[in-house]
*Asks:* 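Mind looking over this structure? Questions follow.
Just so it is clear, the values below take in all heavy atoms, side chains as well, and ignore hydrogens, waters and symmetry mates. Letters A, B, ... are given to chains in the order of the sequence lines, protein chains preceding strands, and every chain is numbered from 1. A quick note: this is a predicted structure, and the numbers were derived from the prediction, not measured.
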There are 2 protein chains.
Amino acid sequence: MGIPAVAEPADHRRRPRRRGETLRAGILDAALAELEETGYAGMTMERVAERAHAGKASLYRHWNGKAHLVFDATRRALPEPGTLADTGSLRGDLLELMGLFAHLLRGPLGEAVRGIVGEALAREPSAAALRREQEGRAVELTRSLVERAADRGENVASGATERQLEAGHAILRMHVLAHGPDVAEETLVGIVDEVMMPLLAPASRRPAVRLRPPRP
Amino acid sequence: MGIPAVAEPADHRRRPRRRGETLRAGILDAALAELEETGYAGMTMERVAERAHAGKASLYRHWNGKAHLVFDATRRALPEPGTLADTGSLRGDLLELMGLFAHLLRGPLGEAVRGIVGEALAREPSAAALRREQEGRAVELTRSLVERAADRGENVASGATERQLEAGHAILRMHVLAHGPDVAEETLVGIVDEVMMPLLAPASRRPAVRLRPPRP
DNA sequence: GGAATTAGTGAACGCTCAGTTCACTAGAGC
DNA sequence: GCTCTAGTGAACTGAGCGTTCACTAATTCC
């Protein structure tokens with residue numbers, strides 16, 4: 001932390017101060033740490049300010065409230081498209097991707113989602129932005145995996161809709177919100193095998209679904 | 001309301017009081033009304049007490065906090081299995097069912113879900129109970145529709161997993177939480193046609209999904 | 001270097017509400 | 001009628017939100 005460790009006056013106002021982006025970064029780091037430790041509901045502006053060695057008024061000068069601060073603190077947590085390993089099969093790739101999202105949702109990103117839905121901030125700009133980024137990124141990443149599978153020669157659905165690409169992700173998010181941050185491996189496998197594969201590669205689906213013969 | 005309209009003493013403690021289940025019902029009604037008007041985040045124990053013409057201490061005698069109160073207020077809102085109309089096709093039935101859940105989620109039930117996920121009460125007994133009831137009921141209702149379709153001779157998946165039966169519902173809930181209580185008709189149609197039908201009746205799926213020919 | 005401006009700060013404030021306690025007393029049961 | 005129990009309005013404490021303020025560290029400009 002950039003605050004010098006020299007003897008400091010009793011009144012912190014007389015002490016060295018950060019300004020602009022340096023201060024913002026310090027506050028965002030503190031917010032991320034608080035979010036991780038106490039969750040969205042337990043996080044307070046006062047404690048973020050303390051942790052960041054900043055004045056509460058400064059937080060309110062930069063952010064109009066908790067949601068906005070949380071959004072800024074977590075917005076860089078989403079994976080980039082080029083970082084996904086190639087497992088050699090769509091199923092393997094989807095398992096990797098969902099594992100990555102589960103891991104992210106276990107930390108501050110999951111708490112940000114929780115906070116924003118809990119406060120019913122559907123029309124709030126920061127909420128709309130977080131949702132757009134998360135859903136858009138999920139769809140984009142999933143689509144890239146499906147395209148990669150097609151290039152490999154796998155029999156995949158060529159016209160998967162956004163809703164189908166997003167389905168497994170919505171289910172995972174809902175699962176984390178409803179059940180807590182620890183997602184069992186079998187849950188991930190189930191989401192991939194029972195939902196994503198049937199929707200994205202129906203012809204290569206696993207025997208979880210058996211057709212009933214037509215009535216005579 | 002069962003409080004007589006006669007002249008009342010200035011000190012309400014000297015006024016007639018309800019007891020037991022009568023009082024509980026009054027408080028639950030008030031909670032439901034507040035939940036509907038202000039959402040979970042905006043609802044306060046003080047205002048519920050006022051609205052119910054009850055003492056705040058009485059609320060805390062019966063319920064250990066807001067989540068528990070909200071759970072009790074909303075637990076009877078779930079539809080019973082026998083109440084679903086038969087439209088003559090699985091698709092029609094699913095549209096009816098999802099329309100019904102969307103309608104429920106627009107009101108206090110949606111706010112209860114929002115509150116409980118927002119407070120990260122995954123392990124809280126009332127949260128676990130609400131989740132169990134809602135998910136269990138959704139799966140049960142959906143399964144009954146699939147069975148009815150099979151009885152009608154429709155070509156449905158005979159071994160749909162719980163996750164597949166629950167998938168459309170999780171997506172709907174996540175949609176309401178993320179986007180707000182007004183669910184467009186086309187969203188419901190999309191959930192049914194693009195996710196539920198392919199999972200529950202793959203052989204009768206609509207042309208939203210087109211297979212890509214195998215690579216030569 | 002000095003002046004002017006700007007942003008950051010600790011302290012303080014008023015407000016709301018959660019959760020609790022208390023003395024009084026309406027209701028219920030015997 | 002008596003005893004016990006649950007319900008009540010009032011009051012309380014403490015936490016945290018959002019705001020204001022006087023002071024002053026930082027930055028910019030001449």
Side-chain angles (χ1 to χ4, degrees), chain A residues 1-4 6-28 30-31 34-35 37-70 115 118-119 121 124, chain B residues 1-4 6-28 30-31 34-35 37-70 115 118-119 121 124:
Chain A
M1 171 113 309
I3 309 182
V6 294
E8 297 175 332
D11 190 342
H12 187 29
R13 268 174 299 194
R14 298 165 181 277
R15 298 199 253 170
R17 307 176 194 176
R18 291 153 301 172
R19 256 188 166 213
E21 277 308 309
T22 309
L23 178 67
R24 282 177 67 99
I27 293 170
L28 291 175
E34 281 292 314
L35 192 58
E37 279 179 28
T38 64
Y40 187 92
M43 168 176 145
T44 68
M45 298 297 268
E46 297 201 356
R47 281 215 311 280
V48 170
E50 270 176 42
R51 191 177 199 131
H53 301 295
K56 199 162 66 160
S58 297
L59 266 66
Y60 285 100
R61 290 189 94 259
H62 293 254
W63 296 278
N64 64 16
K66 193 164 150 182
H68 188 194
L69 175 60
V70 164
E119 291 195 26
L121 304 174
E124 182 71 33
Chain B
M1 175 113 302
I3 308 182
V6 294
E8 298 174 332
D11 190 342
H12 186 31
R13 267 173 300 195
R14 299 167 181 274
R15 298 199 250 171
R17 306 177 194 175
R18 291 151 301 171
R19 255 187 168 221
E21 276 309 309
T22 309
L23 178 66
R24 281 177 67 100
I27 292 169
L28 291 175
E34 280 292 314
L35 192 58
E37 279 179 26
T38 64
Y40 186 92
M43 168 175 144
T44 68
M45 298 298 267
E46 294 202 0
R47 282 213 310 282
V48 171
E50 270 175 44
R51 190 178 200 129
H53 301 294
K56 198 161 70 163
S58 298
L59 266 66
Y60 284 103
R61 289 189 96 260
H62 292 253
W63 296 280
N64 65 16
K66 194 162 147 184
H68 187 195
L69 175 59
V70 163
E119 293 195 22
L121 305 174
E124 184 70 32

*Asks:* Separation of A:Leu59 atom CG from D:dT19 atom C1', in whole Å?
*Replies:* 14 Å
*Asks:* What is the distance, rounded to the nearest whole Å, between atom CH2 of A:Trp63 and atom P of D:dC17?
*Replies:* 15 Å
*Asks:* When the distance from NZ of A:Lys56 to C1' of D:dG16 is rounded to whole Å, what number comes out?
*Replies:* 6 Å
*Asks:* Determine: side-chain N/O of B:Arg18 to OP1/OP2 of D:dG7, distance under 4.0 Å, yes or no.
*Replies:* no
*Asks:* CZ of B:Arg19 versus C1' of C:dT25: gap in Å, rounded?
*Replies:* 10 Å
*Asks:* Nearest 0.5 Å, please: how far is OG1 in A:Thr44 from CD in A:Glu50?
*Replies:* 7.5 Å
*Asks:* If you round to the nearest 0.5 Å, how far is OG of A:Ser58 from NE2 of A:His53?
*Replies:* 14.0 Å
*Asks:* Between C1' on D:dT19 and CE on A:Met45, what's the gap in Å once rounded to a whole number?
*Replies:* 13 Å
*Asks:* Report yes if a side-chain nitrogen or oxygen of A:His62 is closer than 4.0 Å to either non-bridging phosphate oxygen (OP1 or OP2) of C:dG8; otherwise report no.
*Replies:* yes
*Asks:* Going from CE on A:Met43 to CG on A:Leu69, what distance comes out if it is rounded to the nearest 0.5 angstrom?
*Replies:* 4.5 Å
*Asks:* Looking at B:Arg47 and B:Glu37, is any side-chain nitrogen of the basic one under 4.0 Å from a carboxylate oxygen of the acidic one?
*Replies:* no
*Asks:* Calculate the interatomic distance between B:Tyr60 atom OH and C:dC22 atom P; express it in whole Å.
*Replies:* 18 Å
*Asks:* Among C:dG19, D:dG18, C:dG8, which is the nearest nucleotide to the side chain of A:Arg17?
*Replies:* C:dG8
*Asks:* Between C:dC17 and B:Arg47, is there an OP1 or OP2 to side-chain N/O distance shorter than 4.0 Å?
*Replies:* yes
*Asks:* Looking at every non-hydrogen atom in both residues, tell me the closest pair between B:Val48 and B:Ile27 and how far apart they are.
*Replies:* CG1-O, 4.0 Å
*Asks:* For the pair made of CG in A:Leu69 and C1' in D:dG18, what is the distance, rounded to whole Å?
*Replies:* 15 Å
*Asks:* Quickly work out the A:Ile27 CD1 to C:dT9 P distance and round it to whole Å.
*Replies:* 7 Å
*Asks:* B:Gly20 near the nucleic acid: base, sugar-phosphate alone, or nothing, with a heavy-atom cut-off under 4.0 Å?
*Replies:* sugar-phosphate
*Asks:* Looking at the side chain of B:Glu46, which of C:dA18, D:dT19, C:dG27 is the nearest nucleotide?
*Replies:* C:dA18
*Asks:* If you look at every strand shown and take non-hydrogen atoms under 4.0 Å, does B:Ser58 touch a base, only sugar-phosphate, or nothing?
*Replies:* base
*Asks:* Could you tell me whether the phosphate oxygens of D:dG7, OP1 or OP2, come under 4.0 Å of any side-chain nitrogen or oxygen in B:Arg61?
*Replies:* yes
*Asks:* Can you work out whether B:Lys66 or A:Ala57 has the more 5'-proximal nearest nucleotide on DNA chain C?
*Replies:* A:Ala57
